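What you see is a predicted model; the values in this text were computed from it and never measured.
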Amino acid sequence: MSHRANLQKVYASGFLFNVSYLTFAVLIPLDALQQHLPVWMVGILAAIPGVLQLPTRILSGPLVDWLGERWVLWVTFLLASLAGLIVVAGEAFPMAALVVGQLFMGAARGLFWIAAQAEVSRQPGNRAQYLGLFTSYTKGGALIGIAAAGGIAEILGIVGGFVLAGSLSFMALVIGLTLPKREMNARPASLLGAVQRLWPASRKPFVVVNGLVALLCAIPQSLAQSFYPVVLIRLGLSDSAASLVTALMSLGMILSGIMGARVLQRIGMKRMVAYSTALVAVSLFFTAVHQIGVDGVAIFLGGFAAGWLNIAFLTAVSARSQDGDRGTNLGVTQVYFVVAMAATPLLSGWLLSAIGRPETFLVEGLLALGVALLVVLLWRWQDRPQGEGRQEKPA
């Protein structure tokens, strides 16, 4: 089977999984609002996937290096299917069902990205182009999931929405089962041997620097999955309208993913990262303005910047890794991503309750700007010679 056919299968299953995951993610706060839960509780529910997403993201790299990508993808899609089933079956205990469903979906989310990204980056050819297209396909799924979630809730009800989310993940599993087995060079002999590579990977300068890039990439995406719909509904939008505006995040990521490889080749990695990190901070500053039109622009800009950052850190880490440690390096890098995904809704929920909306996004914009400056300051450090792996410098 050609590598292009394999790529199409990863793109298709990733698209379906992201429709499922983002539909599920947006339904959670909508369900919480229908239950009249306080805003801080919405933040806790939105952050729950991070409880399992962090350890599974850490372990996903060693698991990919040891078992291969397809086994990890199979488990991913099965867990996501079960998440929808759990929420639907637990109607008698809705709060408990939401918590358990979020834990299962968090585990699935933690496993998915490393396995899919490693599979894409192992294919021969233009790695940045393949990762850019992967970003566009997955964020296309995210756009549909976010945009449709509110309408699905109005038409099918919350329970019907969760049924649909679980069904889409099951379809991704069916496609994933057709992925071929791959032989890998330098595969660890055991899971323990793979896990032992985590600590050395965490000290590699390029992993640390690109981890900070991944952290910035996560901030706007985390807000799209938690508080952007909430603040838009509080401005007077319906559930479906709030979902459509929030979906501008994914539209931005789709467009930046399509053009990302060409931009990277034209301006280089450092400039691409510098421009994008600054744009994340600017988008948060714009969100402090209490106007729906400005919010829409800010959400789109945040998504566009996140798309470039996603291509940048994945390409950089993949290029500096070998087949035997690529999954582990990607996994450790994205620990930063998961921390931001969990911390952002918790911080936002606390700040919104304590100081209000404008000040919340001003504070978060300043924090993002601080991380962006740190990335620029540490940029040359990642090119310091290391004893492990290839240290080729990305374009």
Side-chain angles (χ1 to χ4, degrees), residues 54 57-58 60-62 65 113-114 117-118 121 127-128 131-132 135 186 195-221 256 260-261 263-282 284 305-341 343-344 364-395:
L54 180 57
R57 185 80 68 132
I58 293 172
S60 62
D65 288 339
W113 288 108
I114 307 303
Q117 291 161 357
S121 64
R127 180 180 289 119
L131 289 169
T135 297
V195 170
Q196 287 174 341
R197 299 181 179 187
L198 287 170
W199 176 243
S202 69
R203 294 179 294 164
K204 294 177 180 178
F206 75 87
V207 169
V208 175
V209 173
N210 285 287
L212 293 172
V213 175
L215 184 150
L216 287 168
C217 177
I219 292 174
Q221 297 181 73
S256 60
V263 172
L264 179 59
Q265 185 178 18
R266 182 180 294 271
I267 69 175
M269 183 70 74
K270 183 177 181 179
R271 287 185 180 179
M272 185 176 187
V273 169
Y275 297 158
S276 302
T277 53
L279 190 55
V280 168
V282 169
L284 291 169
W308 275 5
L309 292 176
N310 191 60
I311 295 170
F313 84 78
L314 290 176
T315 302
V317 174
S318 297
R320 295 171 185 268
S321 303
Q322 298 176 358
D323 281 351
D325 64 5
R326 182 171 289 113
T328 298
N329 289 338
L330 285 170
V332 175
T333 301
Q334 293 186 61
V335 168
Y336 295 79
F337 185 97
V338 177
V339 169
M341 289 294 291
T344 300
E364 292 183 345
L366 288 172
L367 291 173
L369 186 60
V371 177
L373 292 173
L374 184 59
V375 169
V376 173
L377 290 173
L378 294 177
W379 190 261
R380 290 187 179 275
W381 177 52
Q382 68 178 325
D383 292 321
R384 190 177 66 186
Q386 299 289 302
E388 298 181 39
R390 291 180 303 181
Q391 296 301 315
E392 58 186 86
K393 186 175 180 180

(request) Only counting residues at least two apart or in another chain, list the ones meeting side chain to side chain contact (heavy atoms under 4.5 Å, CB included) with Ala281. (result) Phe285, Ala368, Leu369

(request) Could you pull out the closest heavy-atom pair between Glu364 and Thr344, with the gap in Å? (result) OE2-O, 4.1 Å

(request) State the CG-NZ distance between Asn329 and Lys204, to the nearest 0.5 angstrom. (result) 4.0 Å

(message) If I take atom CD1 from residue Ile219 and atom CZ from residue Phe337, how far apart are they, to the nearest 0.5 angstrom?
(response) 10.5 Å

(request) Have a look at Val207 and tell me which of Thr333, Thr328, Leu330 forms a side chain to side chain contact (heavy atoms under 4.5 Å, CB included) with it. (result) Thr333

(message) Looking at every non-hydrogen atom in both residues, tell me the closest pair between Ala306 and Gln221 and how far apart they are.
(response) CB-NE2, 4.1 Å

(request) Report yes if the side chains of Thr277 and Val371 come closer than 4.5 Å at any heavy-atom pair, otherwise no. (result) no

(message) Working to the nearest 0.5 angstrom, can you tell me the gap between Ile58 CD1 and Ile114 CD1?
(response) 10.5 Å

(message) Just verifying a value: how many Å separate Thr135 OG1 and Trp308 CH2, rounded to the nearest 0.5 Å?
(response) 13.0 Å

(request) First locate atom OG of Ser256, then atom CE of Met272, and finally report the distance between them rounded to the nearest 0.5 Å. (result) 7.5 Å

(message) How long is the straight-line distance from CG of Leu378 back to CG of Leu212, given to the nearest 0.5 Å?
(response) 6.5 Å

(message) Give me the atom names and distance for the closest heavy-atom approach of Val335 to Arg57.
(response) N-CG, 4.4 Å

(message) Any non-hydrogen side-chain atom of Val208 less than 4.5 Å from a side-chain atom of Tyr336?
(response) yes

